[in-house]
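Have a look at the structure below before the remarks.
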There are 2 protein chains.
Amino acid sequence: MARVRIKDVARHAGVSEKTVSNVINDYVHVSDRTRRVVQEAIDHLGYKVNLAGRHLRKGRTGVIALVVPELDVPYFAELARHVIREAEQRSLTVLIHQTGGDRDHELAALAGFGSTFVDGVILSPLALTADDLRHRADAPPTVLLGELLEEGADHVAIDNERAAREATEHLIGLGRRTILAVGGRDDAGLGTAEARTRGYRAALAAADLAYDPAALLPVASFRMPAGAEAVARALDEGVRPDALLCLNDQLALGALRTLYEYGMRVPEDVAVIGFDDVEAGRFSTPTLSTVAPDKAAVARIAVELLRRRMDETGDQAPADASPAGVRSPQDLVVAHRLVLRESTEGVARGPGPGNRGAARGR
Amino acid sequence: MARVRIKDVARHAGVSEKTVSNVINDYVHVSDRTRRVVQEAIDHLGYKVNLAGRHLRKGRTGVIALVVPELDVPYFAELARHVIREAEQRSLTVLIHQTGGDRDHELAALAGFGSTFVDGVILSPLALTADDLRHRADAPPTVLLGELLEEGADHVAIDNERAAREATEHLIGLGRRTILAVGGRDDAGLGTAEARTRGYRAALAAADLAYDPAALLPVASFRMPAGAEAVARALDEGVRPDALLCLNDQLALGALRTLYEYGMRVPEDVAVIGFDDVEAGRFSTPTLSTVAPDKAAVARIAVELLRRRMDETGDQAPADASPAGVRSPQDLVVAHRLVLRESTEGVARGPGPGNRGAARGR
DNA sequence: CAGCCGATGTACATCGATGTAAAAACGTGC
DNA sequence: GCACGTTTTTACATCGATGTACATCGGCTG
């Protein structure tokens with residue numbers, strides 16, 4: 001029960017502590033015989049390396065933080081799953097923090113939580129401003145997720161503006177003319193919502209459709225209740241859309257519910273499309289068309305980008321090819337695709353197992 | 001940019017390192033003047049405590065692990081959210097691990113991941129056996145979630161058997177007679193699924209309804225696709241149920257989709273009830289009746305139980321009232337309630353905003 | 001066989017914070 | 001002014017692993 005230290009293994013094997021350390025760390029110059037003897041001692045005593053000691057000595061923890069607004073928003077949960085998997089493959093451990101979209105929490109994350117605990121941060125910001133990014137100091141390596149086109153940090157996202165434009169164009173192509181943007185907001189800010197709104201407006205403009213600021217339905221959160229309420233409010237005010245561009249799937253699923261309650265058929269009366277391709281959208285009634293980002297790619301690239309940045313910081317004097325010392329921030333764009341399901345397709349609905357295969361979607 | 005150590009603060013403030021440490025740790029016997037001087041030096045230099053050093057010295061990290069099968073199953077995501085919140089309030093940090101329901105991963109979690117990195121573990125097991133629990137050694141304090149009625153570890157759950165029985169009784173009370181248990185499994189094992197199956201059978205028996213082993217629809221996972229497929233398989237085989245007891249909401253949501261595709265109306269033809277009360281069930285069509293566990297309570301109790309157990313381990317000689325030294329394992333039962341929505345209620349469905357308020361559920 | 005080289009192995013200092021034990025400073029009562 | 005009990009502060013060792021610098025060993029060359 002008493003903890004086994006490297007010292008104990010050394011004594012047991014009749015070698016020095018450093019030699020044991022060398023064996024553990026796969027140092028090249030250890031004879032096979034020594035290695036075997038030490039390994040036996042390790043197994044015999046059940047030695048486990050103490051990370052505190054290693055951390056103190058090395059200055060690295062092997063822990064990265066994934067910081068998201070809310071973990072129980074399926075998109076973030078799915079993303080987290082991928083990030084954890086990618087990190088694991090690189091012997092990194094993931095710590096998850098929730099900000100609730102709060103700026104102070106996000107700032108704390110940027111600063112590495114005011115401690116040396118995490119080696120790096122993957123942050124999905126909601127409330128940060130460009131200034132916050134510029135003024136950070138003493139921060140650990142950081143990768144940002146989502147639209148935030150400022151210089152100053154690595155950054156991974158789909159092309160949100162183009163994606164929104166494509167989605168909107170698809171709705172227009174279906175002959176829809178009164179298209180609301182649920183969750184849209186019109187300030188020219190940095191966020192993902194703003195980029196998607198720009199794409200929405202661009203599509204309208206390209207089709208010579210009038211843009212009415214009232215077509216942007218503001219939301220308090222990006223969850224189902226907010227989507228349901230925003231659409232209900234619009235309908236109560238007498239707005240009669242024939243399509244909804246919802247800025248994420250949760251809003252869309254909430255919207256579907258409200259449309260159902262108001263007796264509006266989807267997609268016949270109102271076509272609906274979302275973003276994120278969460279699993280629930282494949283089983284809703286009707287199934288939900290959506291912009292599907294390559295989540296696995298987002299996770300893989302984010303982790304990989306962060307790992308490189310961490311290595312960079314580690315080598316204090318990067319005598320490599322790069323002269324400037326630190327690479328400039330990278331902006332990586334991940335692929336997305338439009339996944340069309342019942343909520344825009346007008347697939348025959350109703351009784352009979354006949355349409356099963358088709359209806360399943362994807 | 002160079003890291004500031006306690007030594008630097010001490011020099012700057014003209015006191016010893018220990019005094020600085022005392023200030024940081026709110027040691028009582030520090031004069032106000034000294035405290036002020038030191039605090040100023042800390043602020044001035046921007047000193048941040050180095051957790052590696054503290055960890056090494058104290059043997060505690062302040063990190064607990066939450067180990068779940070899959071993070072993107074909404075129930076676990078919602079639970080994680082609560083656990084993180086509770087832990088934060090106690091200055092603990094949460095590390096999330098996914099096992100994929102794999103026994104080896106769960107065993108690794110039990111063993112504290114073979115390192116001194118986490119102070120404690122909250123584990124939601126799927127594949128562990130009673131033996132695994134008994135034979136663990138050198139493990140950090142652990143709290144188990146879900147049904148696993150073995151001695152040997154603290155444990156928090158709702159009364160799954162009773163909950164399943166109540167849910168089934170409700171279906172029977174609606175006049176339903178052919179009730180399938182989606183996800184049910186009949187071995188007398190330890191898991192949550194087994195306990196719920198027992199409750200299901202108990203309700204059938206109490207109502208003098210025949211129990212047909214074929215009424216248990218096995219599933220490969222507890223996610224929507226599995227629920228959809230299991231029900232489709234049963235229907236294809238000609239089974240015609242008038243109610244489904246789904247062992248979680250994801251299975252139920254998948255089942256709703258299949259029923260829709262087969263043209264069976266819910267709840268008129270088939271009543272459906274699930275477990276977990278995930279947000280999606282409040283917005284599905286129809287909205288989903290469910291057994292709602294008090295998730296916040298599960299999280300709060302689990303974290304609190306773990307914290308106590310950790311303190312216990314810390315104080316090497318617990319000179320308290322307890323003579324045995326270590327308290328015996330606790331089994332805590334959390335409240336649940338039946339939330340009835342459209343999928344069992346037979347609420348008027350269809351056009352018109354008239355039923356909005358009622359239909360919203362909860 | 002002297003001399004040198006590369007491969008192995010070791011002693012010791014070090015990372016940063018905190019517990020221990022004891023010294024220094026401060027009061028208090030007589 | 002002194003002995004004595006508290007506070008307050010300090011010096012030093014310690015937690016466990018690993019980097020540095022050096023010692024040792026065996027083999028090989030000339």
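Excluded from the calculations below are hydrogen atoms, water molecules and symmetry mates; all remaining heavy atoms, backbone and side chain alike, are included. Letters A, B, ... are given to chains in the order of the sequence lines, protein chains preceding strands, and every chain is numbered from 1.
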Please list, for nucleotides 22-26 of chain C, all pairs of protein and nucleotide N/O atoms separated by less than 3.5 Å.
none

Please produce a list of atom pairs where a protein N or O lies less than 3.5 Å from an N or O of nucleotides 5-11 of chain D.
residue: D:dT8; atom: OP2; partner: B:His29; partner atom: ND1; Å: 3.2
residue: D:dT9; atom: OP1; partner: B:Ser31; partner atom: OG; Å: 3.1
residue: D:dT9; atom: OP1; partner: B:Thr34; partner atom: OG1; Å: 2.1
residue: D:dT9; atom: OP2; partner: B:Ser31; partner atom: N; Å: 3.2
residue: D:dT10; atom: OP2; partner: B:Ser16; partner atom: N; Å: 2.9
residue: D:dT10; atom: OP2; partner: B:Ser16; partner atom: OG; Å: 3.1
residue: D:dT10; atom: OP2; partner: B:Thr19; partner atom: OG1; Å: 2.5

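At whole-Å resolution of the value, NZ in A:Lys58 and C1' in C:dG16 are 18 Å apart. The CG atom of A:Leu56 sits 9 Å away from the P atom of C:dC15 (whole-angstrom rounding). If you take CD1 of B:Ile24 and P of C:dG19, they are 12 Å apart, rounded to a whole angstrom. For A:His55 and C:dC15, the NE2 to P distance is 14 Å, given to the nearest whole Å. Distance A:Arg57 CZ to C:dC15 C1': 6 Å, rounded to the nearest Å. Atom P of nucleotide D:dA17 and atom CG of A:Leu51 are separated by 9 Å, given to the nearest angstrom. Put simply, CG on A:Asn25 is 8 Å from C1' on D:dT18, counting in whole angstrom units. The interatomic distance linking A:Asp8 (CG) with D:dC15 (P) rounds to 11 Å, in whole Å.
In summary, of the residues considered (B:Ile122, B:Leu145, B:Val68), a side-chain contact (heavy atoms from CB on, under 4.5 Å) with B:Val83 occurs for B:Ile122 alone.
Five base pairs at each end of the helix from C:dC1-D:dG30 to C:dC30-D:dG1 define two local axes, and these are offset by 50° (rounded to 10°).
B:Ile84 contributes atom CD1, which lies 10.0 Å from atom CG of B:Leu95 (distance to the nearest 0.5 angstrom). Between the OG1 atom of B:Thr99 and the CG atom of B:Asp104 there is a distance of 10.5 Å, given to the nearest 0.5 Å. Within the model, atoms NE2 of A:His155 and CG of A:Leu144 stand 7.0 Å from one another, a figure rounded to the nearest 0.5 Å.
Taking only side-chain atoms of B:Asn50, from C-beta outward, the nucleotide of C:dT18, C:dA17, D:dG16 with the closest atom is C:dA17.
Note on A:Arg5: only backbone sugar-phosphate atoms sit closer than 4.0 angstrom, heavy atoms only; bases stay farther off. A:Arg54 comes within 4.0 angstrom of the backbone, heavy atoms only, and of no base.
Of the charged side-chain nitrogens involved, none lies within less than 4.0 Å of a carboxylate oxygen, so that B:Lys7 and B:Glu17 do not count as a salt-bridged pair. For the pair A:Glu304 and A:Arg300, the salt-bridge criterion is not met [side-chain N within less than 4.0 Å of a carboxylate O]. Remark: B:Arg307 engages B:Asp311 in a salt bridge, criterion side-chain N to carboxylate O under 4.0 Å.
B:Asp72 pairs by the side-chain hydrogen bond (donor to acceptor under 3.5 Å, both in side chains) definition with A:Arg81, B:Arg223, not counting sequence neighbours. Residues satisfying the ring-ring contact (aromatic ring centres under 6.0 Å, His included) criterion with B:His82, sequence neighbours excluded, are absent altogether. Residues that satisfy the side-chain hydrogen bond (donor to acceptor under 3.5 Å, both in side chains) test with A:Asp43, not counting sequence neighbours, are A:Gln39.
Heavy-atom minimum distance, B:Val15 versus B:Val38: CG2-CG2, 4.0 Å.
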